Undergrad: 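Let me begin by handing over the structure; questions about it come next.
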Amino acid sequence: MENNIYDLAILGAGPAGICAAIYATRAKLNTIWLDRKFVQGGQIVDTYEVDNYPGLPGITGLDLGEAMAGHAEKLGLKPKREPVLSVTDEGEIKVIRTKKNEYHARAVIIACGATHRHLGIPGEEELGGMGVSYCATCDAAFFQEGTVAVVGGGNVAVEDAILLSRTCKKVYLVHRRDELRAEKILQDSLFVCHNVELVWDSVPVSVEGEDKVTALKVRNVKTDEEKEISVDGVFIAVGIVPGSGKFKDLVKMDESGYIIAGEDGVTSTPGIFAAGDIRTKNLRQVVTAVADGANAVASVQRYLMEY
């Protein structure tokens, strides 16, 4: 246990956490930064190519993560590799417990991100970044004039199918039921897309291919019949899971487990802030994550001056 009381504890080293670390260091805040991974960058580390981050077209996710983390390190701050077990609000002081240590801080930024829900089928992990994607906004440009499949039936899946239909030759939307869960207005927009084909009552069985995706094998849940759909890419849109479980008694969350916080990162608990994919927001992208990190530190500074 340390006796030192930090101004700020940053939890997580994805783009939001890294940007928060950069801004906190420049603001001369006494900061402790914790993350559970060896490599910083969060989800972008698993992205083969990032083509929508301003000024760095075509950079790999790993390179972007390393560049961001290197910026923070150059300013003198590196994350300690310690998974956070719990955070307790004790008024002016917040207690952060890891397996080995207990840290005290006046403010905490939770930037633990979210993870895409996976299907858990053969080929999904092996072909990640080689045709399997969880973000149509990020990767649609790589499949122009190609044939792709989208898996899911909610708002995100339908939005992805509509987006992809604008540049792809053919889009299959695979859904386990015979009706979509997406909002009616989105369904109406989808059904007028001439190059989208609905694959009803079907679940993915495996993603086929060696160095790249060549097909998606699906099974009809009513007939048990299996078939292969030839595709160049598979977009999986079955939801994402925020890394907020250990904070459920600390701050208010929505029904999906996202921490309720606006662009300023302010949560229901004074001194606790949320940034990046873990908070309630409309768009989860690298650019919005780094903006969150900067905004959260600005809010921390205001909070520290007030209290």
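Remember, it's a predicted structure, so these values are computed and weren't measured experimentally.
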Undergrad: Check whether any side-chain N or O of D201 sits under 3.5 Å from a backbone N or O of D178 as a donor-acceptor pair, and report yes or no.
TA: yes
Undergrad: Do other residues, nucleotides or ligands put more than 12 heavy atoms under 6.0 Å from E125 CD?
TA: yes
Undergrad: Please report the shortest heavy-atom distance between S165 and V196, naming the atom on each side.
TA: CB-CG2, 3.7 Å
Undergrad: Under 4.5 Å between side-chain heavy atoms, chaining through other members, with only Ile, Leu, Val, Met, Phe, Trp and Tyr counted: pull out the rest of the cluster around V203, sorted by chain and number.
TA: V221
Undergrad: Using every non-hydrogen atom in the two residues, find where A182 and Q187 come nearest and quote the distance to one decimal.
TA: O-NE2, 2.8 Å
Undergrad: Taking the six-membered ring of Y258 (Phe, Tyr or Trp), confirm whether the NZ or CZ of R284 is under 6.0 Å from its centre and within 45° of its axis.
TA: yes
Undergrad: Taking atom CG of D188 as the centre, does the number of heavy atoms from other residues, nucleotides or ligands within less than 6.0 Å exceed 12?
TA: yes
Undergrad: Hey, is D224 close enough to R219 for a salt bridge, meaning N to O under 4.0 Å?
TA: yes
Undergrad: Does I260 sit in a hydrophobic cluster with other residues, and if so which ones, taking ILVMFWY side chains as linked at heavy-atom separations under 4.5 Å, directly or through other members?
TA: none
Undergrad: For R97, check side-chain contact (heavy atoms from CB on, under 4.5 Å) against everything at least two apart and list the hits.
TA: S86, T88, E90, V95, E102
Undergrad: Does any donor atom in the side chain of K281 or T288 lie under 3.5 Å from an acceptor atom in the other side chain?
TA: yes
Undergrad: With a 3.5 Å distance limit and no angle check, can you tell me whether S299 reaches the backbone of D264 through a side-chain donor-acceptor pair?
TA: yes
Undergrad: How would you list, by chain and number, every residue that makes a side-chain contact (heavy atoms from CB on, under 4.5 Å) with K217, sequence neighbours excluded?
TA: V205, S206, E208, E226, E228
Undergrad: Which residue pairs satisfy the ring pair (Phe, Tyr, Trp, His ring centres under 6.0 Å) criterion with at least one member in residues 213-252, sequence neighbours excluded?
TA: F143-F235
Undergrad: How close do I109 and A20 get, counting heavy atoms only, and between which atoms?
TA: CD1-CB, 4.1 Å
Undergrad: Show, in sequence, the C-alpha distance, side-chain angles and deciding distance for E197 and K170, and conclude whether the salt bridge (Lys or Arg N to Asp or Glu O under 4.0 Å) test is met.
TA: CA-CA 8 Å; E197 181 177 331; K170 178 81 174 182; 3.0 Å; yes
Undergrad: State, to 0.1 Å, how close A140 and L163 come at their nearest heavy-atom pair, and which atoms those are.
TA: CB-CD2, 4.4 Å
Undergrad: Using the ring of each side chain (for Trp, its six-membered ring), is Y134 parallel, tilted or perpendicular to H118, with breaks at 30° and 60°?
TA: parallel
Undergrad: At what distance, to the nearest 0.5 angstrom, does CG of L75 lie from CZ of R26?
TA: 7.0 Å
Undergrad: Judged by modelled atom types alone, do Q40 and D35 share a side-chain donor-acceptor pair under 3.5 Å?
TA: no
Undergrad: Would you check, one step at a time, whether the test salt bridge (Lys or Arg N to Asp or Glu O under 4.0 Å) holds for D232 with K212?
TA: CA-CA 8 Å; D232 306 301; K212 63 178 183 178; over 6 Å; no
Undergrad: Tell me if a side-chain donor or acceptor on K246 pairs with a main-chain N or O of G243 at a distance below 3.5 Å.
TA: no
Undergrad: If you group Ile, Leu, Val, Met, Phe, Trp and Tyr by side-chain heavy-atom gaps below 4.5 Å, do L34 and I259 land in one group?
TA: yes
Undergrad: Ignoring hydrogens and angles, tell me if any N or O in the side chain of N30 forms a donor-acceptor pair with the backbone of L8 under 3.5 Å.
TA: no
Undergrad: Would you please name every residue forming a side-chain contact (heavy atoms from CB on, under 4.5 Å) with T115, sequence neighbours left out?
TA: V241
Undergrad: Please name the pair of heavy atoms, one in G42 and one in K37, separated by the smallest distance, quoted to 0.1 Å.
TA: O-NZ, 4.5 Å
Undergrad: Can you name the nearest heavy-atom pair linking V148 to L164, along with the distance?
TA: CG2-CD1, 4.1 Å
Undergrad: Has the side chain of T31 got a donor or acceptor atom that lies under 3.5 Å from a matching backbone atom of L29?
TA: yes
Undergrad: Test your reading of the model: is there a side-chain donor-acceptor pair from S189 to the backbone of I185, 3.5 Å cut-off?
TA: yes
Undergrad: Check whether the side chains of E82 and Y103 place a donor and an acceptor atom closer than 3.5 Å, and report yes or no.
TA: yes
